[in-house]
Amino acid sequence: MKLPTALRPARPDASKAVLIAGAVAALAAVAATNQLLAKRSERRHPPRGQVIEVDGVRLHYFEAGTGTPVVLIHGNGVTAEDYVVSGLFHRLAANHRVIAFDRPGFGYTARPRNKIWTASAQAKLIAAALDLLAVKNPVVVAHSWGTLVALRLALQRPDLVAGLGLMSGYYWPTPRLDVPMMSGPAIPVLGDVMRFTVSPLMGRLMAPLAFRHVFSPAKVTQDFKGEFPTSMALRPGQIRASAGDTAMMPLEALSISKLYNELACPILLIAGDGDKIASFKHQSVKFARRTGCELHTVRGAGHMVHHIAPDEVGSALETLIARAEGLPSASSQPRSDAELERTRA
C-alpha cells in the first residue's frame, strides 16, 4: 500500500537542509543580539575624548593637563579608558599634558581592514597624530601589548620620543597557549562568524576569570570592577582587534627584540614580580639585563601594576619624566623599518 505523501519519512537530504537552515537562523539571531548589545554598550559609554583623522583613520584620544607631554598607550583587550579607571591618567595630568590614545580597533578608533595593524603600523599612526597635535618630545608610557608599539615608536622616531616608561611588557617571544586559543576571531570569514556569534558569549562567561588572572596574585580592584566597561571590549570589532594583536604578538616580539640596541632614549621598566601574563623573570628582568635600563619592581603585583599601585607607578614615572626633561632634545632623523634592519645587519 502506498502511504500518503504527508506520512512518508523525510528524505535524508531534506532533513539535513532543515538542520542547516535552523543552524543558520540561530547564528543570525545570535549575531543580531550581539550587535544590539554592542550598540547598547556604545550608548552607555559614548566617546568622552576627542577624535582626529590621521591618514584616513579615525583616531580617538583623551587629553588633559599642561606641561611636559606624556603619551599613554594601552594594552590588549582594553582601551585608553583603562588609564582613566586606574587613576594614572589624572595623576599624571596634574603636572603634565597627558594624551591617551585608543589603539586601532579599540574603543572608538577605527581599524581599517586594508592594512595589517602591526606594532610598527600602529606606531606610525600615533607618530602622525602627535605631529598633527604639535606634541614634541613626549615621554611615552605603555602597558602590555602597547609596549611593542611604544618601542617601535621610539625606534622609528628617535627625534620625537624623549623617554619610555614600559609596564608589564612582552619583549621576548615565548610559547603561549593564549595565542592559538584567542586568535580565532582574526581569521578571515571564520573569524567574522565567531566574533559576531560565539566569541562575545564566551567572553562574557570568561571575563571574571580572565580579570582575576591578569590581576593575580593581587585582587581585582573595586574601581576596575565598577568602572571598566567590559561590554565595550566584547563588541565584534574590538574582539577582532584583540584577536589580531594576540596572533601577531610572538612574531612582533621576535622582530623587535633584534633592535633593542638601537634604542637611544631613557627607559624605565615597571613590572609586578607576580606577573602571570608577561613573566617578570623572562620578560622584564631579561630586558633590563640585556639593555641596562632601570627596572622598578612592584612587589606582590601581577600584570595590572598601574591598577594595583597607581601612586607607586606614578611616582616612578615622574622620576623618568624629570630625567627626560633634563636631556637635550633629540636630533636624530626618523627611521623606517627597513633602515633599522639595515643598521642591525
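Only heavy atoms go into these numbers, but all of them, side chains included; no hydrogens, no water, no symmetry mates.
We find the OG-CE distance between Ser216 and Met304 to be 13.0 Å, quoted to the nearest 0.5 Å. Rounding to the nearest 0.5 Å places CZ of Phe280 at 9.5 Å from CG of Leu269. Atom CE of Met248 is separated from atom OG of Ser255 by 12.0 Å, given to the nearest 0.5 angstrom. Note that CG of Leu59 is 10.5 Å distant from CD of Glu53, once rounded to the nearest 0.5 Å. Rounding to the nearest 0.5 Å gives a distance of 5.5 Å between OG1 of Thr291 and CD1 of Ile267. Rounded to the nearest 0.5 angstrom, Ser315 OG and Leu320 CG are separated by 12.5 Å.
The aromatic rings of Phe287 and Tyr260 sit perpendicular, their planes meeting at an angle over 60°, well past the 30° parallel limit. Ring geometry for His60 against Phe62 counts as perpendicular: the plane angle is over 60°, on a 0 to 90° scale with 30° as the lower cut.
In this structure, the side chains of Ser168 and Ile277 stay at 4.5 Å or more apart for every pair of heavy atoms. Between Ile187 and Met194, every side-chain heavy-atom pair lies at or beyond the 4.5 Å cut-off. His307 has its side chain out of reach of Val220: every pair of non-hydrogen atoms, C-beta onward, lies at least 4.5 Å apart. Side-chain atoms of Arg48 and Glu81, non-hydrogen and from C-beta on, do get closer than 4.5 Å to each other. You'll find the side chain of Val98 stays beyond 4.5 Å of the side chain of His90, heavy atoms only. Side-chain contact between Leu148 and Asp245 is absent, with no heavy-atom pair separated by less than 4.5 Å. Contact of the Thr118 side chain with the Arg152 side chain is not registered, since no non-hydrogen atoms from C-beta on lie closer than 4.5 Å.
Of the possible polar contacts, none joining the Arg240 side chain to the Pro236 backbone as a donor-acceptor pair under 3.5 Å is found. In this structure a side-chain-to-backbone donor-acceptor pair under 3.5 Å is present from Arg111 to Pro104. Panel note: side chain Ser257, backbone Leu254; a donor-acceptor pair is recorded below 3.5 Å.
The salt bridge (Lys or Arg N to Asp or Glu O under 4.0 Å) pairs that include a residue from residues 130-144 are Asp131-Arg157, where partners are two or more places apart or lie in different chains. Evaluation of the salt bridge (Lys or Arg N to Asp or Glu O under 4.0 Å) test over residues 266-276, restricted to residues two or more places apart or in two chains, returns Asp273-Arg299. Pairs passing the side-chain hydrogen bond (donor to acceptor under 3.5 Å, both in side chains) check and including a residue from residues 228-239, sequence neighbours excluded, read Ser41-Ser231, Glu42-Arg235, Arg235-Gln238. Residues in residues 129-150 take part in these ring-ring contact (aromatic ring centres under 6.0 Å, His included) pairs, two or more places apart or across chains: His143-His303, His143-His306.
Summarising the local packing, CG of Leu205 is surrounded by more than 12 heavy atoms from other residues, nucleotides or ligands at distances under 6.0 Å. The environment of Met182 atom CE is sparse: at most 12 non-hydrogen atoms of other residues, nucleotides or ligands sit within 6.0 angstrom.
Remark: the Arg195 side chain and the Ser242 side chain contain no N/O donor-acceptor pair separated by less than 3.5 Å.
Linking ILVMFWY residues whenever their side-chain heavy atoms come closer than 4.5 Å, directly or via other members, places Ile99 and Ile73 in the same cluster. Under a hydrophobic clustering in which Ile, Leu, Val, Met, Phe, Trp and Tyr are joined whenever their side-chain heavy atoms come within less than 4.5 Å, directly or via other members, Val285 and Leu164 fall into the same cluster. Each of Leu88 and Phe101 belongs to its own hydrophobic cluster when Ile, Leu, Val, Met, Phe, Trp and Tyr are linked at side-chain heavy-atom distances under 4.5 angstrom. Side-chain heavy atoms closer than 4.5 Å link hydrophobic residues (I, L, V, M, F, W, Y) into clusters, and following such links, even through other members, never connects Tyr83 to Phe224. By the rule that hydrophobic residues join a cluster once side-chain heavy atoms approach within less than 4.5 Å of another member, Val305 and Leu295 end up as members of separate clusters.
Taking the six-membered ring for Trp, Phe106 and Trp117 have ring centres at least 6.0 Å apart.
Closest non-hydrogen pair, Gly203 versus Leu234, comes out as CA-CD2, 3.7 Å. Nearest heavy-atom pair, Arg103 versus Gly75, reported as atom, atom and distance to 0.1 Å: NH2-O, 3.1 Å. Nearest heavy-atom pair, Leu153 versus Ala127, reported as atom, atom and distance to 0.1 Å: CD1-CB, 3.6 Å. Between Ala128 and Val54, the closest heavy-atom pair is CB-CG1, 3.4 Å. Minimum heavy-atom separation, Gly107 to Asp102: CA-OD2, 3.4 Å. Thr147 approaches Gly169 most closely through the heavy-atom pair OG1-CA, 3.5 Å.
For Ser279, the side-chain hydrogen bond (donor to acceptor under 3.5 Å, both in side chains) partners two or more places apart in sequence, or in a different chain, are His282. For Asp55, the salt bridge (charged side-chain N to carboxylate O under 4.0 Å, His left out) test picks out no residue, with sequence neighbours left out.
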* To do: Mind running side chain to side chain donor-acceptor pair (under 3.5 Å) on Thr246 and Asn76 for me, showing each step along the way?
  => CA-CA 8 Å; Thr246 299; Asn76 201 2; 3.0 Å; yes
* To do: Check the pair Asn95 / Ile321 against side chain to side chain contact (heavy atoms under 4.5 Å, CB included), numbers first and verdict last.
  => CA-CA 11 Å; Asn95 299 304; Ile321 295 166; over 6 Å; no
* Under the side chain to side chain contact (heavy atoms under 4.5 Å, CB included) criterion, do Gln122 and Lys115 qualify, and how do the steps go? -> CA-CA 10 Å; Gln122 295 185 37; Lys115 179 180 289 190; over 6 Å; no
* Evaluate side chain to side chain donor-acceptor pair (under 3.5 Å) for His96 paired with Glu318, printing each intermediate quantity in order. => CA-CA 10 Å; His96 310 287; Glu318 290 286 3; 2.7 Å; yes
* Test log, rule side chain to side chain contact (heavy atoms under 4.5 Å, CB included), inputs Gln283 and Thr174 -> CA-CA 9 Å; Gln283 296 296 335; Thr174 56; 3.6 Å; yes
* **Intermediate values then yes/no, side chain to side chain contact (heavy atoms under 4.5 Å, CB included), Arg323 and Leu268** => CA-CA 10 Å; Arg323 180 180 166 197; Leu268 171 66; 5.9 Å; no
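Within the cation-pi definition used here (under 6.0 Å to the ring centroid, within 45° of the axis), Arg290 does not qualify as a partner of Tyr171.
Only one option out of Phe228, Phe215, Phe211 pairs with Thr221 in a side chain to side chain contact (heavy atoms under 4.5 Å, CB included); it is Phe215.
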